[in-house]
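Order of appearance sets the numbers: ligands from 1, and atoms from 1 within every ligand.
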Amino acid sequence: MWRKIFGGGKHTPVSDEGDLPSRSIIDRSTMPRHVAIVMDGNGRWAKERGDSRSAGHEAGARTLKRIVRAASEMGIEVLTVYAFSTENWKRPHREVDFLLNLFDSFLEKEIAELHAEHVRLHFIGRRDRFTERFLHRMEEAEVRTANNTGVHFNLAANYGSQDEILRAVRSLAARAAAGEIAPEEIDEEVFSNTLDTAGDPPVDLFIRTSGDLRLSNFLLWQSAYAELYFTDTHWPDFTPEELAAAIEDFAGRNRRFGGLSAEE
Ligand code: IPE
Ligand code: IPE
Ligand code: MG
């Protein structure tokens, strides 16, 4: 069980303490600070069971709830998940509508529990195509959880990395044109802090479920040196145990960042 692998995060519920080993098998220094997940395969999961795609998305939402809780208990600092891309509007109307309603009801149902578990929720992506009601719920959830000290949970909704980068470029160009910033002051740190993930460390571990080996326009700048982990498991079947396995795999990677490894 993953609870046997990790020492547990700051907010591990007291009732679970008895299960935890006194020392983590995985050293805190090899824990990824920022984990990103492309939650793919809801449709294929449903198809394999002869179910509707909607049933797949509902099952995916239940998995998300379990994974946020697990990430929080494991002591992951930032978890960013891909829920809806700027390209997903190309899907049939009915599926898009279903997904948007699912996000809305997920927020309505889960926000109290997420808040109680100290999760800090933040949305990344464009906010210009959502209904007033959903926008209001998003903002309310962000304000309510803003001072929480548990996992920082970024939910990417109407998110595309190229769109995010362009929005940042435009905003910096406007500031430069207004004389508020000199072009030479725009460095990696300034740029990172102009993105939707401002303030978050770069992605350490990038996970994609359901077997496709691509990034699909997710966190391209932030994942410059991320370790990639692909699994054939469809998102609804992804478990805290598999997240723990991905983190164990990550702990064994040799991250050189362009340099040489310690022994060299
Ligand atoms: C991921 O599952 C959820 C979203 C993209 C919203 P998919 O709906 O992409 O599932 P597959 O890839 O068709 O199996
Ligand atoms: C990526 O999955 C987006 C989300 C998981 C929200 P897609 O299913 O949209 O990706 P492609 O189309 O296979 O690249
Ligand atoms: Mg897909």
Side-chain angles (χ1 to χ4, degrees), residues 34-68 70-71 78-110 121-131 134 137-138 141 153-167 195-197 200 203 205-223 226 228-239 242-243 246:
H34 188 167
V35 176
I37 310 182
V38 178
M39 309 183 289
D40 198 20
N42 293 349
R44 277 162 281 177
W45 178 88
K47 194 170 181 190
E48 280 174 13
R49 301 157 60 98
D51 240 327
S52 65
R53 294 184 58 84
S54 305
H57 294 315
E58 276 170 346
R62 290 193 290 275
T63 298
L64 177 58
K65 197 180 151 186
R66 287 194 289 274
I67 294 300
V68 180
V78 185
L79 174 71
T80 304
V81 303
Y82 209 3
F84 192 88
S85 75
T86 46
E87 288 73 32
N88 286 145
W89 297 101
K90 292 178 195 160
R91 295 190 180 195
H93 245 315
R94 259 188 29 186
E95 179 164 345
V96 170
D97 269 0
F98 184 86
L99 283 166
L100 297 180
N101 283 322
L102 186 64
F103 300 150
D104 195 35
S105 66
F106 179 85
L107 251 194
E108 186 191 8
K109 276 194 286 194
E110 307 301 339
L121 179 61
H122 177 60
F123 287 90
I124 62 170
R126 301 183 66 91
R127 301 206 178 186
D128 55 354
R129 282 181 79 168
F130 294 129
T131 61
F134 184 57
R137 231 197 266 293
M138 283 163 79
F153 174 38
N154 290 319
L155 197 57
N158 195 12
Y159 175 88
S161 189
Q162 291 183 336
D163 170 78
E164 178 195 36
I165 288 168
L166 282 175
R167 282 188 283 113
L195 295 170
D196 296 350
T197 50
D200 293 336
V203 174
L205 173 60
F206 184 112
I207 298 173
R208 182 176 186 136
T209 59
S210 211
D212 283 318
L213 308 180
R214 56 175 168 264
L215 306 178
S216 297
N217 202 11
F218 193 43
L219 302 173
L220 303 180
W221 169 276
Q222 297 89 335
S223 300
L228 308 179
Y229 182 93
F230 296 100
T231 169
D232 288 336
T233 305
H234 300 313
W235 175 249
D237 286 334
F238 192 76
T239 56
E242 193 162 3
L243 175 60

Task: Minimum heavy-atom distance G56-P236, with the two atoms named - done: O-CG, 3.8 Å
Open item on the list: Counting only nitrogen or oxygen atoms and a 3.5 angstrom limit, does N42 reach ligand 1?
Closed with: yes
- [ ] Return a yes/no value for S85: is any of its N or O atoms, backbone included, closer than 3.5 angstrom to an N or O of ligand 2?
- [x] no
Open item on the list: Going by the closest heavy atom to atom 1 (C) of ligand 2, which one wins out of I37, V38, L99?
Closed with: V38
Open item on the list: I'd like to know if atom 11 (P) of ligand 2 has any protein heavy atom within a distance of less than 4.0 Å.
Closed with: yes
Task: Contact partition for K90 relative to ligand 2, non-hydrogen atoms under 4.0 Å - done: neither
Open item on the list: Please determine whether side-chain contact (heavy atoms from CB on, under 4.5 Å) holds for the pair I67 and V81, giving the CA-CA distance in whole Å, both sets of side-chain angles, and the decisive distance to 0.1 Å.
Closed with: CA-CA 10 Å; I67 294 300; V81 303; 5.9 Å; no
Task: N/O/S atom name from D40 that is nearest to the position of the Mg ion (ligand 3) - done: OD1
Open item on the list: Return the closest protein heavy atom for atom 9 (O) of ligand 2 as residue, atom name and distance.
Closed with: N88 ND2, 2.9 Å
TODO: Report the C-alpha distance between L219 and I124 in whole Å, list the side-chain angles of each, state the deciding distance to 0.1 Å, and finish with yes or no for side-chain contact (heavy atoms from CB on, under 4.5 Å).
DONE: CA-CA 10 Å; L219 302 173; I124 62 170; 4.1 Å; yes
- [ ] Look at the aromatic rings of W235 and F238 and report parallel, tilted or perpendicular, splitting at 30° and 60°.
- [x] parallel
Open item on the list: Can you confirm whether L99 sits close enough to N88 that some side-chain heavy atom of one is under 4.5 Å from a side-chain heavy atom of the other?
Closed with: no
Task: the Mg ion (ligand 3) contact by D212, N, O or S atom under 2.8 Å - done: no
Open item on the list: Please give me the minimum heavy-atom distance between D196 and G125, naming the atom from each residue.
Closed with: OD2-N, 2.9 Å
Task: Minimum-distance pair of heavy atoms, taken over all atoms of L195 and I165 - done: CD2-CA, 4.1 Å
Open item on the list: Checking a contact table here: which protein heavy atom is nearest atom 14 (O) of ligand 2, and how many Å away?
Closed with: S216 OG, 2.6 Å
Task: Side-chain H-bond candidate by donor/acceptor type, H234 with E48, under 3.5 Å - done: yes
- [ ] Between H57, R91, M39, R44, flag the one that comes closest to atom 5 (C) of ligand 1 by a heavy atom.
- [x] R91
TODO: Say whether G41 and ligand 1 are in contact under the criterion: heavy-atom distance to a ligand atom below 4.0 Å.
DONE: yes
Task: Over all atoms of both residues, closest heavy-atom pair of V96 and R91 - done: CG2-O, 3.7 Å
Task: Atoms in ligand 2 with a heavy atom of D40 nearer than 4.0 Å - done: 2 (O), 8 (O)
Open item on the list: Check for me whether R53 has a heavy atom closer than 4.0 Å to any atom of ligand 1.
Closed with: yes
TODO: Could you tell me whether E87 atom CD has more than 12 heavy atoms of other residues or ligands within 6.0 Å of it?
DONE: yes
Task: For R208, atoms of ligand 2 separated by under 4.0 Å from a heavy atom - done: 2 (O), 10 (O), 11 (P), 13 (O), 14 (O)
Open item on the list: Tell me the contacting part of A83 for ligand 2: side chain, backbone, both, or neither, using a 4.0 Å heavy-atom threshold, strictly below.
Closed with: backbone
Task: Region of R214 engaging ligand 2 - heavy atom pairs below 4.0 Å - done: side chain
TODO: Answer side chain, backbone, both or neither: which part of F84 comes under 4.0 Å from ligand 2, heavy atoms only.
DONE: backbone
- [ ] Heavy atoms only: give me the nearest A156-F218 pair and the separation to one decimal.
- [x] CB-CE1, 3.9 Å
